[in-house]
Amino acid sequence: MEAVAEEIYPGLSEEQRTHFDEHGYIIIENAAEPIGIEKIQEAFHRAEAEGRADWEAMLASGEFRGGYGNSENAHTIRPNYDWDTTILDLANNPKMVPLVAETVGPDYQVMEMLYHNHHAGTKAHTGWHRDWPPWKHPQFVLKVKCFYAVEDIGEDQGCFSLVPGTQNNPEGPPRDAYTRENLTDMPGYKKMTMKAGDAILWETTAWHTGMVNTSDLDRKLVIFGYMPFFIKKWNAEPPPPAMVKWADTPLKRQLLGIHAVHGRNVWDRTDVEYLPEHNPRIE
Ligand SMILES: O=C(O)CCC(=O)C(=O)O
């Protein structure tokens with residue numbers, strides 16, 4: 001059977017495991033190194049420029065789509081897989097994938113990937129929340145997100161922020177008490193300042209938000225969400241051909257939610273042919 005991930009980079013150290021379990025996140029310095037931060041910056045800026053006209057049309061109409069607080073305070077930028085294999089390579093970053101596999105499980109898949117710009121001098125584009133209740137698997141978590149800093153992110157630059165330790169709280173954050181107008185009143189929160197190329201891997205049940213960007217610098221992230229392969233929604237659309245072409249190994253196919261290498265394979269897509277080297281399992 002194929003390994004869980006390329007084994008060039010180690011999985012979680014004991015210290016990282018303890019930090020993740022206790023605080024709900026870890027920061028990985030220079031996480032983007034195997035892909036190259038310049039390449040990521042180039043892809044970010046090209047995708048942002050390509051998406052600008054659409055975003056400006058939304059600004060003009062006041063009707064926003066795209067999630068992640070897409071609004072006058074932030075631009076949620078969907079990748080164009082016809083040219084952008086950088087974001088796919090970053091989803092499959094060999095320095096991060098072992099950590100993803102240890103946190104969400106060996107049948108990890110990427111559920112979402114996007115670029116995100118929370119602009120200089122704008123209000124918060126979201127408020128304190130968690131992505132869903134703190135339901136647990138005994139060994140793994142149901143979802144992690146991995147945010148890469150495209151450029152340095154300082155204290156006043158609309159940092160992604162999280163309240164360490166809240167990933168297991170039975171209740172979500174009291175949203176009436178802590179609104180977008182008083183985000184910094186939340187006790188115990190931590191602003192995630194990062195250097196370009198650093199990443200934060202965090203459990204999505206932890207209380208989190210993005211802060212007001214009072215600086216004159218944009219806050220630029222690449223965002224990924226990872227979950228186990230069996231999480232599926234009805235989707236009649238076949239995966240885009242450019243993605244299937246990129247996914248030239250069984251593990252890349254699993255990453256894109258096409259064919260599972262680990263875990264149960266009844267959720268495999270039947271509209272994409274298996275790679276010849278895919279090893280079918282009966283489980
Ligand atoms: O953009 C941010 O800093 C917040 C992200 C967020 O709220 C989320 O991923 O659910």
Side-chain angles (χ1 to χ4, degrees), residues 2-20 23-48 77 79-81 83-106 108-118 141 143-155 157-162 190-204 217-226 243 246-249 251-256:
E2 211 171 346
V4 165
E6 296 289 338
E7 286 176 16
I8 314 165
Y9 291 95
L12 291 167
S13 66
E14 229 176 279
E15 194 187 335
Q16 284 175 318
R17 177 87 250 180
T18 306
H19 197 279
F20 184 84
H23 303 289
Y25 76 95
I26 45 171
I27 303 244
I28 298 94
E29 288 177 7
N30 203 12
E33 171 252 320
I35 312 302
I37 190 63
E38 293 79 16
K39 220 171 145 192
I40 295 164
Q41 288 167 343
E42 202 180 299
F44 182 102
H45 291 124
R46 181 169 169 191
E48 184 181 36
I77 305 153
N80 176 353
Y81 300 110
W83 61 261
D84 193 355
T85 48
T86 300
I87 200 161
L88 294 168
D89 291 339
L90 193 58
N92 195 37
N93 179 359
K95 194 162 172 177
M96 290 304 301
V97 159
L99 312 186
V100 169
E102 282 189 46
T103 48
V104 295
Y108 61 86
Q109 68 180 333
V110 64
M111 295 296 282
E112 60 218 70
M113 43 188 152
L114 53 130
Y115 301 103
H116 191 275
N117 191 344
H118 174 21
V141 302
K143 186 170 188 179
V144 290
K145 282 183 181 170
C146 179
F147 289 179
Y148 291 88
V150 176
E151 291 168 356
D152 293 355
I153 300 174
E155 279 275 326
Q157 223 176 315
C159 290
F160 170 69
S161 302
L162 176 150
K190 184 169 166 52
K191 284 185 179 180
M192 302 298 170
T193 56
M194 293 195 274
K195 292 270 170 226
D198 291 353
I200 177 167
L201 183 77
W202 57 282
E203 185 175 351
T204 58
L217 295 170
D218 291 353
R219 185 209 72 172
K220 301 176 186 175
L221 294 178
V222 196
I223 291 180
F224 296 96
Y226 296 92
M243 291 178 102
W246 175 86
D248 58 2
T249 70
L251 275 176
K252 284 181 171 177
R253 290 269 163 105
Q254 175 181 287
L255 176 75
L256 297 188

Counting N and O atoms only, with roles assigned by atom type, does the side chain of K95 sit under 3.5 Å from a partner on the main chain of N30, one being a donor and the other an acceptor? yes
Any side-chain to backbone donor/acceptor pair from T85 onto L88? Under 3.5 Å, distance only. no
So how far is it from M243 CE to R253 CZ, rounded to the nearest 0.5 Å? 12.0 Å
Would you say F20 and V144 make side-chain contact, with heavy atoms under 4.5 Å? yes
When you compare the side chain of N92 with that of L251, does any pair of heavy atoms fall below 4.5 Å? no
Apply the test side-chain contact (heavy atoms from CB on, under 4.5 Å) to residues V97 and Y9: give CA-CA distance (whole Å), side-chain angles for both, the deciding distance (0.1 Å), then the verdict. CA-CA 9 Å; V97 159; Y9 291 95; over 6 Å; no
Give, for atom CZ of R17 and atom OG1 of T103, the distance between the pair rounded to the nearest 0.5 Å. 7.0 Å
Where do L221 and M194 come nearest, in terms of heavy atoms and distance? CD2-CE, 4.4 Å
For a 4.5 angstrom cut-off between non-hydrogen side-chain atoms, does I87 reach F224? yes
Side chains of M192 and Y25: does their closest heavy-atom pair fall under 4.5 Å? yes
Show the numbers, then the answer: is there a side-chain contact (heavy atoms from CB on, under 4.5 Å) between Q254 and Y108? CA-CA 7 Å; Q254 175 181 287; Y108 61 86; 3.9 Å; yes
Given side-chain contact (heavy atoms from CB on, under 4.5 Å), test C159 with T193 step by step and report yes or no. CA-CA 6 Å; C159 290; T193 56; 4.0 Å; yes
Is Y148 close to I37 at the side-chain level, that is, under 4.5 Å between some pair of heavy atoms? no
Within 6.0 angstrom of E42 CD, more than 12 heavy atoms from elsewhere: no
Can you check whether E112 reaches K143 side chain to side chain, under 4.5 Å on heavy atoms? yes
Is a donor from one side chain sitting under 3.5 angstrom from an acceptor on the other, for K220 and H45? yes
Verify side-chain contact (heavy atoms from CB on, under 4.5 Å) between D218 and H118, making sure each step is shown before the conclusion. CA-CA 6 Å; D218 291 353; H118 174 21; over 6 Å; no
Not counting sequence neighbours, list each pair that qualifies as a salt bridge (charged side-chain N to carboxylate O under 4.0 Å, His left out) and has a residue in residues 194-203. K136-E203, D152-K195
Can you confirm whether N117 sits close enough to F44 that some side-chain heavy atom of one is under 4.5 Å from a side-chain heavy atom of the other? yes
So do L217 and I153 actually touch side chain to side chain, heavy atoms under 4.5 Å? no
So, D89 versus W246: side-chain donor-acceptor pair below 3.5 Å or not? yes
List for me each residue that meets ring-ring contact (aromatic ring centres under 6.0 Å, His included) alongside F147, sequence neighbours excluded, and say none if there are none. F160, W202
